[in-house]
Amino acid sequence: MQKEINFLPLDYDYFDLNGKNCIKIVGKDDRGKRVCLLDSFESFFWVIFKDGTKEKRIEEIKKEIETIKIESDMRKTEIIKTELHNKKFLDKEVRALKVYVTNHKDCHAVADQIGYDEVLARREYDINIITKYILEKKLLPLTWKKISGEILNNSREFGGIDNILDVDLCLKIEKIENLEENRKKELDEKFSPNILAFDIETDEFEIGKGAILMISLYGKNIKKVLTWKKCEKSQEFVECFKDEADMIEAFVEYIKKIKPDILTGYFSDGFDMPYLKARAEQNNIKLSLGIDGSKPMFTRGKITSAGIFGIIHIDLFRFIETSFSQYLQSETLGLNEVALELLGEGKKEIKWKKSSKMNESEWSNFFDYNLQDSMLTYKLSEKIWSDMLEFTRIIQEPLFDITREGMSQHVENYILHNLEKYNEIAEKRPVHDEIERRRNLGKYGGAFVLQPLPGLYEHIFMFDFTSMYSSVIVTYNLAKSTLLEKKEKDSLKVDLETEKEKEIYFSKKPGFFPLMLNEMVEKRKKYKGEYKKNENNMTKARSNAYKLLANAAYGYQGFFGARYYCREAAAATAALAKKSIIETIEKIKKEGFKVIYSDTDSICMLLEKRSKEKALELLEKLNKELPGIMGLELEEFYERGIWVTKRDGEFGAKKKYALINEKGKLKIRGFETVRRDWCTLARELQNKILEKILREGNEKSALELFIKIVKSFKERKIEREEILIRTQLKKPLSEYKSITPHVIAAQKMKEAGKPVNIGMLVQYFIAETREKKSLVREKVKLEDEKGEYNLDYYLNHQIIPAVDNIFQVFGINVKEIISGKKQTTLF
DNA sequence: GACTGAACTATACC
DNA sequence: ACGGGTATAGTTCAGTC
């Protein structure tokens, strides 16, 4: 029977049937029903011929390629057909053969068998089958389409797969059509995904070592904690089970009943999912979460990803880490801090105890805690849903992947999904040896940073280049495909000071990469405008996504794992940006303004006795003289600003300054205040001192505050929390060549049976010791250890260093004041 | 054992 | 393996006298 539906694709998967590729797509129709679409797919790759290959020879090779067969235990693979096309490869016109293969998995093996002298390259055998499918059929993720097809009901065609799927409808795709924009908009407004958040609590932190004590679920119509522990008299949201096995089975049943589109957790790829897997195995339960009854699939990689067929499992932490953290101020990306920042509400506080030692009220608190975590995860997912949606639509990869891939992969996927407009065949992914070669090339020259003259300044204008590196790439046409082997007529010469190949040349004929980037920049401008006109989550997310993508394009070209890696283009981008900002600084100076600081794409200058209008006129003039799409804008006007010296020496420190604008808002960069590896005492003291100086324009009350705090510090009135030092553990303990204080702290934690993981913040303080010890690490104590804070250490390594060079700007030597030498002369 | 510079380490800026 | 280079600053480590 035939049927026509409006369909929103959510999850993609594929399987083999009789050696051929089948694609299954799970999504929603416009009445909220869960639908699975099945489709066959003929995969292909390209054989590109060298320039000048005779058509007759191409025909011969075509015939020979068509006879290739590959046989393995699994399947027989053949060539379905071949087609000759005029295409482009790296912006050059080429003749290319599109080779259709019965099974995608054998694309690479078939391509390997083609080794003619006339063949320039074989490409696109290394592109993911889902990506290829989306490209070919235009069934874009999270985008409404009109689908017509045949209703499958126990059909033999797909091996009866429709029978085991928990869906309302299963269709064999016959036609995919676009919907009218208005209709799409209407459907979009009606749709919101059914999200279910979950979180588990366990006795042991090591995966699978202890039992799962409880599992919380939080969704639109469900707020529950499942447990098999003391819960006879607990809260009504707690549901009791006989044992761990029963509880896990109930969890699976709830998922089946709720039928969420999205199952989300916080760090669930790294903890909750693998833990559930381990405990299910231990208890001989099948964790059949997939809509076909399948278990979660764990993909290999540095971090494993847990996929559930038909339900999109999102580990919110990973999306926030890779794509969203730039918007956040949080020093760590833990659930508590991120939720506090985005929702204004954090985790519940509880005292950690072995579960065997908990009393009834402690269990009750634990249930609250567990539910709260799911609730926060649910609310966070709602909060950033528009960002995930926009990223997915713009990049056109499935949501599951979008929430896990890094910025570089996003850029690459965006490129792959937009090559068609340029008739381009995709470049290959680098293999291991090539990656090694690229990595061994070392660094190339980067940005320009102007050394400031230390001091307190007033009336400061800050200009900055809008999306500087992107605009340089577009303006100067810098990419792999436009890099010339040697100098050509009317090409662009770029000097690279630090490189062996000092001069390189780029074509002026626009390449697809800069053109595509220009499109991104244009779209960003357009959607930023739309956002300004109509401020909502959607327009904001769209504008931000384009901004992030455009900004990542430069890093992408310099990234060793990129298909379109081009070290020369990246180096030229940095070199031309440097040249451009230095020239701009010179122009500003020529106009009589004093330039006090500059870093990469920003310039700080003093107004002195001039009016603001004068500076704005200058900005306009500079903009007129900038080439291509490059542009300079007013970042902000600041009332005051302070630049200090480096710790040792009299020279001004780069990347370290504090500013205050007309509204009294501070902008602090580089100072210890913004560094999380300094203790709160030093950070807050420095922050207050900077604020006083910037607000009042003098150092008097700042100095008074400093003396007051030192006094209270010496009297040991400072709380332990204030003097804790937090340092991130970046690798396994055994790999540290230098045994630093935080390594010692981590070792102590391990000995105390506390969890020690890569990436965690280790907390410790420096204590007084009985004997004299020369190394800092010999005085390390954990926060719950007995001991007094080390007066000498904190004074000379935290408090004084945090304020010393600030007061030096005013000619004040705080060390002498502390030791009592000069106190009288100052007061 | 004190001193010194290099190496290692973490974190920030753009 | 899973964006880039520039920069500051702390602590340890290895060598010198």
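We use all heavy atoms of the structure for the numbers below, so side chains are in, but hydrogens, waters and symmetry mates are not. Chain letters run A, B, ... following the sequence lines, proteins first and then strands; every chain starts at 1.
For A:F560, the side-chain atoms get nearest to C:dC2 when compared with the rest of C:dA9, C:dC13, C:dC2. Counting only heavy atoms from C-beta on, A:V449 has its side chain closest to C:dA7 among C:dT8, C:dG10, C:dA7. Distances from the side chain of A:Y444 to the nucleotides C:dT8, C:dG4, C:dT12 place C:dG4 closest.
Counting only heavy atoms from C-beta outward, the side chains of A:L666 and A:L690 never approach each other to under 4.5 Å. The shortest distance between side-chain heavy atoms of A:Y556 and A:M407 does not fall below 4.5 Å. Side-chain contact between A:Q686 and A:R675 is absent, with no heavy atoms from C-beta onward closer than 4.5 Å.
Think of the region where chain A sits on DNA chain B: with heavy atoms and a 4.0 Å cut, that region ends 5' and 3' at B:dC8 to B:dC14.
Straight-line distance from the CD atom of A:E778 to the P atom of C:dC13: 10 Å, rounded to whole Å. Going from atom CG of A:D648 over to atom C1' of C:dG10 covers 11 Å, rounded to whole Å. In this structure, A:N796 atom CG and C:dG10 atom C1' are separated by 14 Å, rounded to whole Å. Separating the CG atom of A:L775 from the P atom of C:dG10 is a distance of 16 Å, rounded to the nearest angstrom. Here the P atom of nucleotide C:dG4 and the CD atom of A:E412 are 14 Å apart, to the nearest Å. In this structure, A:K779 atom NZ and C:dT11 atom P are separated by 9 Å, rounded to whole Å.
Ring planes of A:H410 and A:F391: tilted class, angle from 30 to 60°. Ring geometry for A:Y564 against A:F513 counts as tilted: the plane angle lies between 30° and 60°, on a 0 to 90° scale.
Contact annotation for A:Y793: backbone-only contact, meaning every heavy-atom pair under 4.0 Å involves sugar-phosphate atoms and none involves a base. Backbone-only engagement by A:K731 is indicated by non-hydrogen atom pairs under 4.0 Å involving sugar-phosphate atoms exclusively. Using a 4.0 Å heavy-atom criterion, one finds that A:Q409 contacts no nucleic acid atom at all. Using a 4.0 Å heavy-atom cutoff across all strands shown, A:G561 reaches no nucleic acid atom at all. Among the atoms of the strands shown, none is found under 4.0 Å from any heavy atom of A:H432. The residue A:A447 sits close only to the backbone: its heavy atoms come under 4.0 Å of sugar-phosphate atoms, none of a base. Here A:R647 lies in heavy-atom contact (under 4.0 Å) with sugar-phosphate atoms only.
Pairs of residues two or more places apart, or lying in two chains, that qualify as salt bridge (charged side-chain N to carboxylate O under 4.0 Å, His left out) and include a residue from residues 541-556 of chain A are A:E390-A:R542. Residue pairs that meet the salt bridge (charged side-chain N to carboxylate O under 4.0 Å, His left out) test with at least one member in residues 398-409 of chain A, sequence neighbours left out, are A:D269-A:R404.
Contact annotation: A:R563 side-chain N/O to C:dC2 OP1/OP2 distance is not under 4.0 Å. Put simply, A:H797 has a side-chain N or O that comes within less than 4.0 Å of OP1 or OP2 on C:dT11. One finds no side-chain N or O of A:K655 lying less than 4.0 angstrom from the OP1 or OP2 phosphate oxygen of C:dT8. A close approach under 4.0 Å does not occur between any side-chain nitrogen or oxygen of A:K443 and OP1 or OP2 of C:dT6.
Taking the ring centroids of A:F765 and A:Y794, they lie at or beyond the 6.0 Å cut-off.
As rounded to the nearest Å, C:dA1 and B:dT11 have P atoms that lie 23 Å from one another.
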